[in-house]
Novice: 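Quick one: structure below, then a few questions.
Not measured: the values here are computed from a predicted model. When a ligand or atom number is given, it counts from 1 through the structure's own listing order.
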Amino acid sequence: MPLVSMRQLLDEAAKGGYGVGAFNVNDMEQIQAIMMAARQTKSPVIVQASRGARAFAEDLYLFKLIQAAAELNPDIPIAMHQDHGNSFETCKSAIALGYTSVMMDGSLKEDGKTPSTFDENVEVTRRVVDYAHERGVTVEGEIGVLGGVEDGHGAGGTGLEHITDPDQAVEFAERTGVDALAIAIGTSHGAYKFTKKPDGSVLKMDVLIAIHKRLPHTHLVMHGSSSVPKELQDIVNEYGGKLKQTWGVPIEEIQLGIRNGVRKVNVDTDNRLAMTGAIRKVLWTQPEKFDPRDYMKPAREAMAKVVADRMTEFGQAGHAGDYKPIPITEIAEGYKSGKLDTRPSVTAK
Ligand code: 13P
């Protein structure tokens, strides 16, 4: 199956009332782990690469691996997404490679660190939307600023510093026409999100619900949504790791989000932890081993298990065969004719 438009994948998820995990990749084993899980659970899936991942894997290697995944798994809809694009040029280069979706994270300036102004964010995102939609490519924007740093991208700090203002989210959706919107509700990238099980004082699900009520046609995206399960932390630490105890986003909060318009759920840290735990275990318990396959195979299996669990928990399991991919050229027509327009002034009519 050719790579699928992320917009189609999310529209289908909205129809079915489920969320779709967007899993970060840097190498072949991670892509294989995701595909193992997608086959096992019969799930459509979003595979995403950060700028750091694209640099690490030399872009073309990564993209060819995704194409291989699509070729080897003709029954699984796969959208390939640029995670946290920092500029128009980054998004353009992803589209040139064949990504079917891009995130223009205009919440930060091009350095990927300094918060931008609202107007700067609107301007660069609008430019990416015009360019991408003409080519049938989906666009995710971000309003508010997430906490933490991922692959060198992020303002740092806690997730509470720049919580999304619902009025701004509505204005942003209207002025940019994005397909999907990442909002800041207290989550942050990385393992260290919360010091205890999060409640409403640090994880603002009420803000998410308020935004969904006002923007029912814009797919919401939860970033920083690893659950950082204690079992995964414990395996890393049992075999020589040094992680401080921490809390992620509980699955039931993500499921509450999914009942309130969240269609894309970003997960990276949980998979990193699963792979690292499995690798540490082999190297710690069998120090005579030196063939990378001896630790990469268990690492791949550990990640596949986490991904399969998330696919089931987010509800995407069983939905791979629900629809046929719409060619990207037809999606471009849908944008041109206004059929796929999500701006609140248009959808309210
Ligand atoms: P985690 O660090 O919680 O896995 O978040 C990943 C993410 O949001 C990628 O954009």
Novice: Quick one, V236 and R280 - any side-chain contact, counting heavy atoms below 4.5 Å?
Specialist: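 Sidechains of R280 and V236: in contact.
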Novice: Just checking, is any N or O donor in the side chain of S93 or R54 under 3.5 Å from an acceptor N or O on the other one?
Specialist: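 Side-chain D/A pair, S93 to R54: present.
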Novice: For atom 5 (O) of ligand 1, what is the closest protein heavy atom, and at what distance to 0.1 Å?
Specialist: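 The answer is G224 CA, 3.2 Å.
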Novice: For N24, counting its heavy atoms only, list the atoms of ligand 1 lying under 4.0 Å from any of them.
Specialist: 9 (C)
Novice: Answer yes or no: does an N/O atom from V267 fall short of 3.5 Å to an N/O atom of ligand 1?
Specialist: no
Novice: Any idea which heavy atoms bring R300 and Q32 closest together, and the distance?
Specialist: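 Looks like NH1-OE1, 2.6 Å.
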Novice: Look at atom 2 (O) of ligand 1 and say which protein heavy atom is nearest, naming residue and atom and giving the distance to 0.1 Å.
Specialist: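 Result for atom 2 (O) of ligand 1: T269 OG1, 2.6 Å.
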Novice: If we ignore angles and hydrogens, is there a donor and acceptor under 3.5 Å between the side chains of D179 and H133?
Specialist: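 Yes.
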Novice: Any N or O of D270 that comes nearer than 3.5 Å to an N or O of ligand 1?
Specialist: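 Such a contact does not occur with ligand 1.
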Novice: When hydrophobic residues are tied together by side-chain contacts of less than 4.5 Å, even through go-betweens, does F63 share a cluster with F56?
Specialist: no
Novice: Counting each atom of ligand 1 from 1 as listed, which ones have a heavy atom of K193 under 4.0 Å away?
Specialist: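 So the atoms of ligand 1 that pass are 1 (P), 2 (O), 3 (O).
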Novice: Any idea which atoms of ligand 1 are less than 4.0 Å away from a heavy-atom of D83?
Specialist: 9 (C), 10 (O)
Novice: Mind checking whether A22 contacts ligand 1 via backbone (N, CA, C, O), side chain (CB onward), both or neither, at a 4.0 Å heavy-atom cut-off?
Specialist: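 Looking at A22 and ligand 1, no heavy atom falls under 4.0 Å.
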Novice: Distance alone, cut at 3.5 Å: any donor-acceptor contact between the side chains of S107 and E142?
Specialist: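 Their side chains do contain a donor-acceptor pair, which is all the 3.5 Å distance test asks for.
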Novice: Where the side chain of T138 meets the backbone of S101, is there a donor-acceptor pair that is under 3.5 Å apart?
Specialist: no
Novice: Any ion pair linking D111 and K113 (charged N to carboxylate O, less than 4.0 Å)?
Specialist: no
Novice: Please list, in number order, the atoms of ligand 1 under 4.0 Å from a heavy atom of H223.
Specialist: 8 (O), 10 (O)
Novice: Which ligand 1 atoms, with their elements, are less than 4.0 angstrom from a heavy-atom of H84?
Specialist: 10 (O)
Novice: Using a strict cut-off of 4.0 Å, indicate which atoms of ligand 1 neighbour a heavy atom of H189.
Specialist: 2 (O), 5 (O), 6 (C), 7 (C), 8 (O), 9 (C), 10 (O)
Novice: With heavy atoms of G190 as the reference, note each atom of ligand 1 found under 4.0 Å away.
Specialist: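 With G190 as reference, the close atoms of ligand 1 come out as 2 (O).
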